[in-house]
Peer 1: 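What follows is a single structure, and I will ask about it in a moment.
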Amino acid sequence: MKLTGIKLNLQPAIEPQPRRLPYLLGHGLLYAGLLLLALITVWFGVKVTVIAGAYRRATASAASLTAAGSESNRAQLQAETDTLAGALDTLQTELLPLLPPPAVTRWLPYGDDLAALPVLLPAAADLARAGQAAAALANATTLPDLVSQLARVQPQLARLDADLLRHRPALAAIEADKLSPLLAPRARQLQQLLPQTRTGLQLAQLLPPALGFEQPQTYLLLTQNADELRPSGGYINTAGHIVIDHGQIISLQMQDSYAVDRLSEAYPYPPAPLRNYMKADYWVLRDASWSPDFPEAARTALELYQLGQGVNADGVIAIDQYALPLLLPATGPLTVNGEQVTAANVIDLMQQHWTPEAGQAQDGEWWAQRKSFMLALAEALVQKFETAPESIPPAALAAALQQAHAEKHLLLYIKEERLANLLAERGLDGGLPATGGDYLLVTDANVGFNKASAKVERYLNYTVQLAGDGSGQARAQLLYQHTAPARAGECAIDLRYDRSYAQNMERCAWIYTSLIVPAGAELRTGPGVVVAGRYLLRGQPTSGQVDRQTLPHHKQSWSQLFLLAPAQRLALDFDYRLPPGTVSAGGEQQSYSLLLPKQPGTLEPAVQVSLTLPAGAQLLTSDPAPLEQSGSTLLFQFRLTTDRRIRVTYKLTE
């Protein structure tokens, strides 16, 4: 059969084709997006790894620095500061660009932390650079080498100080209490370290001239006996002067304080308590540490030393016996007259060598040599610096000096105006500060010709009730305990030495105590203690009235003499009113600040402060945190090893 009229299409069907350009473009963008996301993920992962590594290195090196400094490992100290500085630089470079703008951070979790990081990281990095400079200086093996290095790096120290100064406003504005528990302690640490580091940098810039880099410097040296306590440290046992040229000790002269004075000269009259209770006719060097303001006491000592020895010194270095156990671990044991002197035995040896040997009379020969051990100890210490300076680790020595100074067993006064002003501004000169707020310093002066201060313990109980107008009612109760065993017979004041040093400590204590408070405070009632005439050199009883004196820097003192027999306890109460303005106001916030300085020469008197806020006040902050809080009353307790300050802020709600 033949088929006709039918056409067969044997070609395959052709589907409609999509537009190829949009198709390829869409897929290309999708793949590019996925690739970009992968790259971002990898990049972000790398960033996180770098940031996490830098953070770990920073925290680890910061934790290691304390151990490196205390162990005086110079190489480790340098390595850790370099690691810390590098890690902080990495954190700045890698982390800060990732942070959102400030307008966004407040809406994010941990927004306060994110807002603080651009302030904290640069400040920490510059502090680390200052640490690098300090670590480099720690490589100096001798004091002359250190002075030379300090003089050479003066421009660098000035730049570092300027860098830190720029951070001060922003760093101070950070409210650490609003930060996370991880970041808050770091912020507080930086806020404390920045002013301390700036002080160190500024001191480092002024040290070379003070250590004789420009011309030799002469310093008056005073050794004070805190067992015979005086307001700025203690009775002066020995005195002399040291000459330093380019950090090198070129001359040292020390002698018994009794040998210093030249009474043919016109000596001034002594302060009234010395004249009234010790019958002192002249003000001589051994009694120079009378003022509670150490710069004033130092200037008195300089004048009296020049009067007696004709030496015009550039400053004063005063040290008591309790500084030696702090310094000797850094210097190492000393050999004095064939005996090894260490931190553990130095106090005992000083007392033993004062005591006459068995059968030795307390005559002129004993009198002339009773302080020979102390003089030989001073010479041995200086000789150690001169002959074996490399054996004294600078970091350990610096830490020991800092502790001795903070605990006020070592006091410094420099005539040079810039250095004197810096020490005063930073509260490092042992002087009465020109600060507002509340202030309470208790000083005791032993006026009994003995060493009984070593056996007298003091406890301060300070109670303050604040009022809404910024004034307050205050009560300072001083509790005294003579820890020596009771002895037979009445107290008798006379110019004698008991057979042993220990016996001189166990005698009755004649104490002239002073309360130093703000100038505007008004005394309402005092202790009213009367000492009978039979216990006093002049034979006249005291009136029981409080002695009042105006002091520099808006301070005043209230003073009274009392007698404390061995095993006796005594309480002295001062009730007074703090003036309006004691509490400062800033908007709705009220701020109360109390400074409790430590008397030089004391060890660690116990202190309790009970602070009651005005009625209806809401506590905002307290530094330190109170030991207890009952309603609006805060209780603080501590040992006064160094100066302490209490700061409280609150809001009046009624």
Peer 1: Are there more than 12 heavy atoms of other residues, nucleotides or ligands under 6.0 Å from atom CD of Gln402?
Peer 2: no
Peer 1: Using side-chain heavy atoms (C-beta onward) and a distance below 4.5 Å, is Asp643 in contact with Arg645?
Peer 2: no
Peer 1: Just wondering, are more than 12 heavy atoms of other shown residues or ligands nearer than 6.0 Å to OH in Tyr459?
Peer 2: yes
Peer 1: Within this structure, what is the CZ-CG distance for the pair Arg230 and Asp287, rounded to the nearest 0.5 Å?
Peer 2: 4.5 Å
Peer 1: More than 12 heavy atoms of other residues, nucleotides or ligands under 6.0 Å from CD of Glu588: yes or no?
Peer 2: no
Peer 1: Could you measure the distance from the OG1 atom of Thr199 to the CG atom of Leu194? Nearest 0.5 Å is fine.
Peer 2: 9.5 Å
Peer 1: Could I get the full list of ring-ring contact (aromatic ring centres under 6.0 Å, His included) partners for Tyr305, not counting sequence neighbours?
Peer 2: His241
Peer 1: Distance-only check: which donor-acceptor pairs under 3.5 Å involve side-chain atoms of residues 518-529, not counting sequence neighbours?
Peer 2:
residue, atom, partner, partner atom, Å
Arg524, NH1, Gln473, OE1, 3.0
Thr525, OG1, Asp575, OD2, 3.2

Peer 1: According to the salt bridge (charged side-chain N to carboxylate O under 4.0 Å, His left out) rule, which pairs have a member within residues 421-447, sequence neighbours left out?
Peer 2: Asp444-Arg458
Peer 1: Kindly indicate whether the side chain of Val284, heavy atoms from C-beta on, has any atom under 4.5 Å from the side chain of Leu304.
Peer 2: no
Peer 1: Should the ring pair Tyr512 and Tyr277 be called parallel, tilted or perpendicular, given that the plane angle runs from 0 to 90° and is split at 30 and 60?
Peer 2: tilted
Peer 1: Compare every heavy atom of Pro566 with every heavy atom of Arg487, then report the nearest pair and how far apart it is.
Peer 2: CD-CG, 3.7 Å
Peer 1: Indicate the ring-plane relationship of Phe562 and Tyr480, choosing parallel, tilted or perpendicular according to the 30° and 60° boundaries.
Peer 2: tilted
Peer 1: Can any side-chain N or O of Thr653 pair as donor or acceptor with the backbone N or O of Gly616 at less than 3.5 Å?
Peer 2: yes
Peer 1: Could you tell me which residues satisfy side chain to side chain contact (heavy atoms under 4.5 Å, CB included) with Gln403, sequence neighbours excluded, listed by chain and number?
Peer 2: Leu326, Glu407
Peer 1: Let me confirm one number: the CG-CG distance from Leu515 to Leu460, rounded to the nearest 0.5 Å.
Peer 2: 8.0 Å
Peer 1: Roughly how far apart are Asn225 CG and Asp227 CG, rounded to 0.5 Å?
Peer 2: 4.5 Å
Peer 1: In Å and rounded to the nearest 0.5 Å, what is the CG to NZ distance from Leu619 to Lys651?
Peer 2: 11.5 Å
Peer 1: Taking only residues two or more places apart in sequence, or in another chain, which ones meet Tyr219 in a ring-ring contact (aromatic ring centres under 6.0 Å, His included)?
Peer 2: none
Peer 1: How far does CG of Leu578 sit from CG of Leu466, to the nearest 0.5 angstrom?
Peer 2: 8.0 Å
Peer 1: For Gln477 versus Ala571, what's the shortest heavy-atom pair and its separation?
Peer 2: NE2-CB, 4.4 Å
Peer 1: My understanding is that only residues two or more places apart in sequence, or in another chain, count here; which of them pass ring-ring contact (aromatic ring centres under 6.0 Å, His included) with Tyr535?
Peer 2: none
